[in-house]
Amino acid sequence: MEIFEIVTYFILLGLISTAIRVVTTSNVIHAAISLVFTLALTAILFLILSSEFVALVLVLVYIGAVIVLFLFGIMITRAPLGKNAELDNDKNKKLGAAIAGSIFLLFSYILINGFDGEVTIASGSSTELLGEILLTRFIFPFELVSFVLLAALIGGITLARKDEALIDKDQV
Amino acid sequence: MIVQPVLVVAAALFSLGIYGILVRRNAVMVLLSIELILNAVNINFIMFDAMLADTLMQGQIFTIFIITIAAAEVGIGLAIVLMLFRNRQTANINEFDLMKW
């Protein structure tokens with residue numbers, strides 16, 4: 001189990017450094033790519049904590065779909081692709097750092113004092129049990145979430161399509 | 001494995017996301033920071049699930065729900081940003097002051 005702890009500390013270091021890069025880099029594409037690394041390291045952490053199904057869902061949904069959507073958003077909104085000094089609001093930098101720092105200090109104080117424990121890394125798969133619980137005990141929220149996805153689908157199409165009057169009749 | 005370092009790193013990711021939301025000017029970058037916050041919450045859920053060894057695995061199930069809602073949120077958010085960009089030719093949130101008096 002010693003090797004898992006060393007690997008976990010490396011993952012935590014990587015998480016912090018890539019997350020700092022997401023919020024401080026002045027290049028929009030680099031921010032999206034750093035988020036990919038953050039999510040991949042999170043997936044490895046989930047694998048170590050023996051929740052392999054969630055790790056796979058994270059890779060599929062986030063790295064596979066959400067980041068691609070973000071790259072589309074960056075390119076469609078014509079954000080300057082190179083270095084861009086205008087990306088940050090410099091007026092807010094000190095205030096933002098103060099607020100984020102105080103939130104971090106408060107949270108870590110509470111977490112260090114409030115929780116104490118060890119995790120024994122279990123071997124074996126938990127996916128079968130997870131599927132069974134998800135489709136019996138949690139079937140109502142499961143269905144509800146699929147309804148939310150349908151609503152988001154319809155809402156996304158309605159918001160992003162062009163206005164009816166602007167569409168050229170000849171193109172239809 | 002000790003629990004506290006992972007929880008503190010999750011808190012650090014959360015506060016970095018808050019910093020990104022407050023500082024970034026481009027709306028897409030703000031959405032990226034929101035993803036960072038949701039990821040921190042996911043790490044916390046999975047860590048507590050592993051720590052408590054819950055028989056109902058509620059930590060993992062809630063994480064799956066959070067990932068689903070986050071995907072829906074990104075879709076809607078980027079559609080809104082796209083519409084704003086089409087109407088105002090910019091994605092900088094400090095220029096969207098229509099609902100501010």
Side-chain angles (χ1 to χ4, degrees), chain A residues 4-5 8 12 15-16 19-20 22-23 28 31-32 35 38-39 42 46 49-51 54 57-58 61 65-66 69-70 73-74 76-77 79 86-89 92-93 96-97 99-100 103-104 107-108 111-112 115 117-119 121 129-130 133-134 137-138 141 145 148-149 152 155-156 159-160, chain B residues 1-9 11-20 22-29 31-33 35-36 39 42-43 46-47 49-51 53 56-57 59-61 63-65 67-76 78-83 85-86 91-92 94:
Chain A
F4 281 124
E5 267 188 49
T8 307
L12 296 182
L15 272 177
I16 293 281
I20 286 173
V22 170
V23 292
V28 280
L35 190 68
T38 315
L39 294 166
T42 312
F46 287 0
L49 293 171
S50 68
S51 35
V54 184
V57 167
L58 197 83
V61 174
V66 169
L69 214 58
F70 269 121
I74 287 168
I76 287 172
T77 57
E86 289 280 291
L87 200 62
D88 285 356
N89 199 346
N92 288 353
K93 252 184 185 165
I99 291 172
I103 286 174
F104 172 65
F107 272 20
S108 43
L111 287 170
I112 287 172
F115 298 100
E118 295 239 346
V119 172
I121 295 160
L129 188 61
L130 184 73
I133 293 168
L134 193 62
R137 175 87 164 73
F138 289 93
V145 123
V148 168
L149 274 182
L159 281 171
Chain B
M1 195 161 72
I2 314 161
V3 174
Q4 283 152 346
V6 181
L7 297 181
V8 170
V9 165
L13 288 191
F14 185 89
S15 27
L16 280 171
I18 297 269
Y19 174 79
L22 291 173
V23 167
R24 289 302 202 190
R25 190 177 269 162
N26 190 318
V28 181
M29 292 293 109
L31 285 174
L32 273 181
S33 308
E35 293 307 309
L36 219 52
N39 200 33
N42 286 344
I43 292 174
I46 293 291
M47 197 65 214
D49 181 75
M51 182 179 136
L56 271 180
M57 293 196 192
Q60 294 187 36
I61 284 168
T63 309
I64 291 169
F65 287 150
I67 290 171
T68 320
I69 298 290
E73 171 251 321
V74 167
I76 292 290
L78 280 175
I80 291 172
V81 170
L82 205 64
M83 201 180 64
F85 179 76
R86 198 180 289 145
N92 288 352
N94 56 342

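Protein chains get the first letters and strands the later ones, always in sequence-line order, with residue 1 at the start of each. The model shown is predicted, which means the values in this text are computed figures rather than measured ones.
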Of the backbone (N, CA, C, O) and the side chain (C-beta and beyond), which part of Ile112(A) lies under 4.5 Å from a heavy atom of chain B, both, or neither? both
Is there a side-chain contact between Glu118(A) and Val3(B), using heavy atoms and a 4.5 Å cut-off? no
Is there a side chain to side chain contact (heavy atoms under 4.5 Å, CB included) between Thr42(A) and Asn42(B) once you walk through the steps? CA-CA 9 Å; Thr42(A) 312; Asn42(B) 286 344; 5.7 Å; no
Relative to chain A, which segment of Ala12(B) carries a heavy atom at a distance below 4.5 Å: side chain, backbone, both, or neither? both
Under 4.5 Å between any side-chain heavy atoms of Val8(B) and Phe107(A), yes or no? no
Tell me, for Thr8(A) versus chain B, whether the close heavy atoms (under 4.5 Å) come from the side chain, the backbone, both or neither. side chain
Does the side chain to side chain contact (heavy atoms under 4.5 Å, CB included) test come out yes or no for Ile18(B) and Phe104(A), once each step is laid out? CA-CA 10 Å; Ile18(B) 297 269; Phe104(A) 172 65; over 6 Å; no
Where do Val23(A) and Gly20(B) come nearest, in terms of heavy atoms and distance? CG1-CA, 3.8 Å
What's the spacing between Glu35(B) CD and Leu39(A) CG if we round to 0.5 Å? 8.0 Å
Would you name the heavy atoms of Phe46(A) and Ile43(B) that are closest together and state the gap between them? CE1-CA, 3.9 Å
Gln4(B) versus chain A, the contacting section by heavy-atom distance below 4.5 Å: side chain
If you apply the rule side chain to side chain contact (heavy atoms under 4.5 Å, CB included), what do you find for Ile46(B) with Val54(A), and how did you get there? CA-CA 9 Å; Ile46(B) 293 291; Val54(A) 184; 4.1 Å; yes
Let me confirm one number: the CG-CG distance from Leu56(B) to Leu129(A), rounded to the nearest 0.5 Å. 8.5 Å
Straight-line distance of Thr63(B) OG1 to Leu58(A) CG, nearest 0.5 Å: 9.5 Å
Answer with side chain, backbone, both or neither: which region of Met29(B) has an atom nearer than 4.5 Å to a non-hydrogen atom of chain A? side chain
Need one label for Ser50(A): side chain, backbone, both or neither, based on atoms under 4.5 Å from any heavy atom in chain B. backbone
Where on Tyr19(B) is there a heavy atom nearer than 4.5 Å to chain A: the side chain, the backbone, both, or neither? both
Work out which heavy atom in Gly155(A) is nearest to a heavy atom in Ile76(B); give both atom names and the distance. C-CD1, 3.8 Å
Please round to the nearest 0.5 Å and tell me the distance separating atom CG of Leu7(B) and atom CG of Leu12(A). 10.0 Å
Select one option (side chain, backbone, both, neither) describing which atoms of Thr68(B) are under 4.5 Å from chain A's heavy atoms. both
Which portion of Ile69(B) sits near chain A, non-hydrogen atoms under 4.5 angstrom: side chain
When rounded to the nearest 0.5 Å, the distance separating CG of Asn94(B) from CG of Asn92(A) is 9.0 Å
Chain B contact via Leu49(A) - side chain, backbone, both or neither, heavy atoms under 4.5 Å: both
Check Leu134(A) against Phe65(B) and note the closest heavy-atom contact, atom names and distance. CD1-CZ, 4.1 Å
Correct closest heavy-atom pair for Leu16(B) and Ala19(A) would be CD1-CB, 3.6 Å
Pair Ile76(A)-Leu78(B), side chain to side chain contact (heavy atoms under 4.5 Å, CB included): steps then yes or no: CA-CA 10 Å; Ile76(A) 287 172; Leu78(B) 280 175; over 6 Å; no
Please name the pair of heavy atoms, one in Leu32(B) and one in Ala31(A), separated by the smallest distance, quoted to 0.1 Å. CD1-CB, 3.9 Å
Measure Leu13(B) against the heavy atoms of chain A and call it side chain, backbone, both or neither at under 4.5 Å. side chain
Cut-off 4.5 Å, heavy atoms of chain A, and the answer for Asn92(B) is neither
In terms of heavy-atom proximity below 4.5 Å to chain B, should Ala97(A) be classed as side chain, backbone, both, or neither? both
